[in-house]
Amino acid sequence: MSQTQTLYAAFTGHLNAALDALEAAGTLPSGLNRAAITVEPPRDPAHGDLSTNAAMVLAKPAGMNPRALAEALVAELAKLPQVTSAEIAGPGFINLRVAADAWLDELRAFAALGSDYGRSAMGGGSTVNIEYVSTNPTGPMHMGHCRGAVVGDALASLLEFAGHKVIREYYVNDAGGQVDVLARSVHIRYREALGEAVGEIPEGLYPGDYLVPVGEALAKEFGDKYAKAPESDWLVLFRQRAVAAMLTMIRADLALLGVEHDLFSSEAELQAKGKPAEAEKWLRAHDLVYDGVLEAPKGKTLEDWEPVELPLFRSTKFGDDQDRPIRKSDGSWTYFGADLAYHYQKAETADALVDIWGADHAGTVKRIKAAVAAMTGAKGKETPFEVKLVQMVQLLRNGEPVKMSKRSGNFVTLADVVSEVGKDVVRFTMLTRKPEAQMDFDFAKVVEASKDNPVFYVQYANARICSTIRKAAAEGLAPSGEALELLGEEELELIKIAAQFPRLVEAAAAAREPHRIAFFLHDLAAAFHSYWNVGNDRPEKRFIVAQNGNLTGARLFLAAQIGQLLRNGLALLGVEAVEEM
RNA sequence: GCGCCCGUAGCUCAGCAGGAUAGAGCACCAGAUUCCUAAUCUGGGGGCCAUGGGUUCGAAUCCCGUCGGGCGCACCA
């Protein structure tokens with residue numbers, strides 16, 4: 001591993017050393033919690049290059065006046081050779097100015113680390129399993145699924161970059177009633193392929209055309225063998241074939257989006273291995289599952305409801321309003337029953353679990369988290385398990401809501417949207433807002449506005465950089481780190497913004513918020529475009545200054561590194577860094 | 001009725017585990033192209049951060065209530 005240390009990481013270290021020194025001198029009590037201390041750029045650049053809240057955070061637990069503590073800290077920090085000024089401001093902020101050399105060193109670090117600039121060891125190599133997409137294998141992906149797919153994929157890349165091992169997993173719900181419905185729907189298409197007039201697809205089955213080829217393939221393979229046969233003869237077979245076909249389709253849709261999983265886990269396989277039964281046994285032994293009778297549903301009247309004894313999980317202990325069955329009255333597993341076994345199994349292969357779910361599953365978060373916590377906790381240490389809820393995407397067409405339902409066959413497919421506006425626009429749009437806020441996605445508007453999409457703004461910055469370097473090369477000029485001291489204030493400003501990438505990666509990874517990367521890239525691109533245009537009025541500020549090869553080399557060096565950073569960030573988002581536009 | 005999420009500029013959204021004068025894009029107005037890509041830039045107008053309380057040196061950010069919007073509240077998945 002390189003010795004190169006990035007500037008913010010270095011200053012966090014310097015600050016801790018300064019605090020250690022104060023402790024050693026008896027100025028500061030030892031053992032104070034430093035977790036809330038930050039080193040960040042001040043909001044107003046006029047205040048300096050770096051700012052820390054250390055004195056304000058520590059003053060109270062230390063029983064000291066913030067300004068007095070700040071003065072002691074400033075005395076320590078001022079000793080650092082790269083610090084040109086250290087001042088106390090406001091209620092106790094410490095503002096530092098950093099010598100130009102230190103920023104030029106950071107520019108050299110961009111180059112030395114290249115595509116690894118921003119990579120962090122924060123994760124410590126621990127394994128995080130991220131489960132995302134996991135749509136039922138009953139049809140193509142539609143736009144409602146898209147957000148979770150993009151967010152999960154970008155989060156996976158981000159966590160990898162932040163030092164985790166990542167398993168990207170898709171849970172295939174191939175065991176419930178919906179896949180039987182799928183098999184029956186396919187059976188009709190199969191008969192249709194054999195020449196039978198099947199008419200309208202009956203209510204409750206999947207009417208989509210995408211099942212036609214599946215039926216045709218089965219007709220080709222089996223002839224009319226199952227046309228008149230009872231369901232019990234073909235259901236399992238057709239279910240398997242149909243699920244496999246749907247997964248192929250879904251994977252193709254995901255590929256259009258640039259989303260790829262490491263692992264597809266089958267619910268049916270999980271059940272075949274007896275995992276839910278194992279889980280039930282354990283839960284009963286720990287009094288978390290008991291046989292009981294549910295109360296009649298409130299608020300609605302179900303004619304066929306009757307009290308029956310079921311194995312119930314004590315989810316009321318964890319804030320649920322009702323204990324939840326893990327098996328149905330026919331003995332088969334409920335979704336919840338299989339799901340807790342599934343998560344328990346996942347926890348055996350990872351140090352932490354993250355699920356990306358649609359908000360329509362919010363109601364089940366408490367119980368599954370409780371079950372997983374109980375089961376993994378019994379082994380000594382709970383496996384951290386987070387559920388990130390991705391809010392609904394309201395689909396509109398010219399302002400009118402589009403009701404989507406696979407059952408009705410009425411939906412906007414992901415493939416349609418991607419082919420219309422492109423993968424990069426879809427991904428960037430999904431990643432320029434935090435996932436827990438609802439969003440509207442107006443198909444027409446996005447198509448129309450795709451040319452104004454911020455993604456192009458970021459891509460254009462990289463394309464400009466590439467073009468400049470190409471142009472310079474044609475004139476025999478190349479980036480060079482030889483004379484970086486020729487760079488002035490404007491160039492340093494660009495470096496200062498870019499230098500935040502490492503701390504941003506860590507913050508975004510810790511918060512599991514990939515959208516922060518998207519906003520950072522936009523800011524960096526803005527700084528670059530702005531700098532570029534300075535050259536419009538002042539030709540001496542252009543990248544290529546023909547009469548000054550050293551300066552040109554240094555500016556091209558800067559441009560090349562900014563380009564690298566943009567590419568590092570875009571790679572995390574899964575957006576192409578095009579070289580020409 | 002209960003649970004979860006959201007409410008910031010006309011619109012779409014940021015606001016980095018409380019911090020200094022609340023930001024960006026779109027839209028609107030006024031400018032910049034003999035010049036490395038104008039898919040760009042510069043400037044301007046526009047905000048009781050839904051609302052009422054609380055916590056503290058300090059709140060858009062944390063806590064409670066209210067209002068408004070969304071999603072759930074099955075032996076479904």
Side-chain angles (χ1 to χ4, degrees), chain A residues 35-36 38 40 42-44 47 51 53 56-57 59-60 66 89-93 95 136 138 173 175-179 267 294 297-300 302 305 308 310 319-322 324-330 332-339 358-366 389 391-392 394 429 432-440 442 445 449 451-454 456-457 459-461 463-464 467-472 475 500 503-504 507-508 510-511 513 515-516 518-520 522-523 525-526 528-537 539 542-545 552 555-556 559 580-581:
Chain A
T38 58
E40 57 189 15
R43 181 161 298 178
D44 184 346
H47 292 142
S51 173
N53 60 357
M56 290 182 290
V57 169
K60 182 172 263 188
F93 288 103
N95 293 325
N136 285 336
T138 54
N173 299 130
Q178 82 289 347
V179 282
E267 182 186 2
L294 289 176
K298 297 188 186 81
K300 50 180 143 184
L302 293 172
W305 186 86
V308 60
L310 291 168
D320 209 344
D321 44 7
Q322 194 182 47
R324 303 289 169 173
I326 61 170
R327 272 189 283 141
K328 308 178 204 169
S329 51
D330 66 2
S332 65
W333 298 100
T334 61
Y335 182 83
F336 174 57
D339 206 30
D360 49 344
H361 290 78
T364 67
V365 171
K366 276 184 185 173
L389 290 177
Q391 289 296 319
M392 297 287 108
Q394 155 111 313
T429 301
T432 40
R433 50 213 74 203
K434 56 182 182 225
E436 65 267 29
Q438 293 155 231
M439 70 179 282
D440 290 347
D442 191 315
K445 246 190 207 163
K451 57 184 185 301
D452 296 327
N453 196 283
F456 297 128
Y457 185 82
Q459 289 177 317
Y460 183 48
R464 262 185 161 170
S467 134
T468 303
I469 290 172
R470 276 196 305 270
K471 165 110 182 170
E475 297 176 20
Q500 291 176 56
R503 54 180 287 272
L504 207 99
E513 289 184 350
H515 72 274
R516 293 189 196 180
F519 283 94
F520 169 76
H522 191 272
D523 289 348
F528 175 81
H529 285 309
S530 179
Y531 173 71
W532 169 284
N533 275 274
V534 172
N536 278 341
D537 296 332
R542 291 180 193 169
F543 283 96
I544 300 169
V545 183
T552 300
R555 288 202 182 140
L556 288 175
E580 277 182 86
M581 295 179 74

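Just so it is clear, the structure is predicted and the values come from calculations on it, not from any experiment. In the text below, chain A, chain B and the rest are named by the order of the sequence lines, each starting its count at 1.
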Q. Whole-Å distance between B/U61 C1' and A/Asn53 CG?
A. 15 Å

Q) Between A/Phe519 and A/His515, how do the two ring planes meet: parallel, tilted or perpendicular, split at 30° and 60°? A) perpendicular

**Q.** Residue A/Ser329, side-chain heavy atoms: nucleotide from B/G19, B/C75, B/C16 that is nearest
**A.** B/C75

Q) Which stems does RNA chain B form, counting runs of 3 or more consecutive Watson-Crick or G-U wobble pairs with both distances under 3.5 Å? A) B:1-7 with B:67-73, B:10-13 with B:23-26, B:28-32 with B:40-44, B:50-54 with B:62-66

Q.
Determine whether a donor-acceptor pair (one donor, one acceptor, N or O, separation below 3.5 Å) exists between the side chain of A/Asn95 and the base of B/A20.
A. yes

Q: Can you figure out which of B/C16, B/C36, B/C4 approaches the side chain of A/Ala362 most closely?
A: B/C4

Q) Just checking A/Glu580: base, sugar-phosphate only, or nothing, at a heavy-atom cut-off of under 4.0 Å? A) base

(Q) For a quick test of reading the model: is some side-chain N or O of A/Arg324 closer than 4.0 Å to OP1 or OP2 of B/A74? (A) no

Q.
I'd like to know if A/Lys434 pairs up with A/Glu513 as an ion pair, taking the criterion as any Lys NZ or Arg NE/NH1/NH2 lying under 4.0 Å from an Asp or Glu carboxylate oxygen.
A. no

Q) Do any side-chain nitrogens or oxygens of A/Ser530 fall under 4.0 Å of OP1 or OP2 in B/U42? A) yes

Q: Could you check how far CZ of A/Phe520 sits from P of B/A24, rounded to whole Å?
A: 17 Å

Q.
Suppose we screen for salt bridge (charged side-chain N to carboxylate O under 4.0 Å, His left out). Which residues come up paired with A/Arg542, at least two apart in sequence or across chains?
A. none

(Q) Any base atoms under 4.0 Å from A/Ala89, or only sugar-phosphate, or nothing? Heavy atoms, all strands. (A) base

Q) When we call it a touch if two heavy atoms are under 4.0 Å apart, what does A/Ser467 touch: a base, just sugar-phosphate, or nothing? A) base

All N/O pairs under 3.5 Å across the protein-nucleotides 25-29 of chain B interface:
none

Q. With respect to the phosphate group of B/G3, does any side-chain polar atom (N or O) of A/Lys366 fall under 4.0 Å of OP1 or OP2?
A. no

Q) In terms of the angle between their ring planes, are A/Tyr457 and A/His522 parallel, tilted or perpendicular, with boundaries placed at 30° and 60°? A) parallel

Enumerate all atom pairs, one protein N or O and one N or O from nucleotides 13-15 of chain B, separated by less than 3.5 Å.
residue	atom	partner	partner atom	Å
B/C13	O2'	A/Thr432	O	3.2
B/A14	OP1	A/Lys434	N	2.2
B/G15	OP1	A/His515	NE2	3.1

Q.
When you measure only distances, ignoring hydrogens and angles, does the side chain of A/Thr334 come within 3.5 Å of the base of B/C75 through a donor and an acceptor?
A. no

Q.
Taking side chain to side chain contact (heavy atoms under 4.5 Å, CB included) as the criterion, tell me which of A/Met581, A/His529, A/Glu580 meets it with A/Arg464.
A. A/His529

Q) For A/Gly90, which contact category applies under a 4.0 Å heavy-atom criterion: base, sugar-phosphate, or nothing? A) nothing

Q: Using salt bridge (charged side-chain N to carboxylate O under 4.0 Å, His left out) as the criterion, list what pairs up with A/Glu475, not counting sequence neighbours.
A: none

(Q) Whether A/Trp532 contacts B/A38 is assessed here as follows: a side-chain N or O lying under 4.0 Å from the phosphate OP1 or OP2. Is that the case? (A) yes

Q.
As a test of reading the structure: which of B/A38, B/A77, B/C16 is closest to the side chain of A/Tyr335, going by heavy atoms?
A. B/A77

Q | Which nucleotide in B/C36, B/C75, B/C71 has an atom nearest any side-chain atom of A/Ala359 | A | B/C71

Q) A/His47: what forms a ring pair (Phe, Tyr, Trp, His ring centres under 6.0 Å) with it, not counting sequence neighbours? A) none

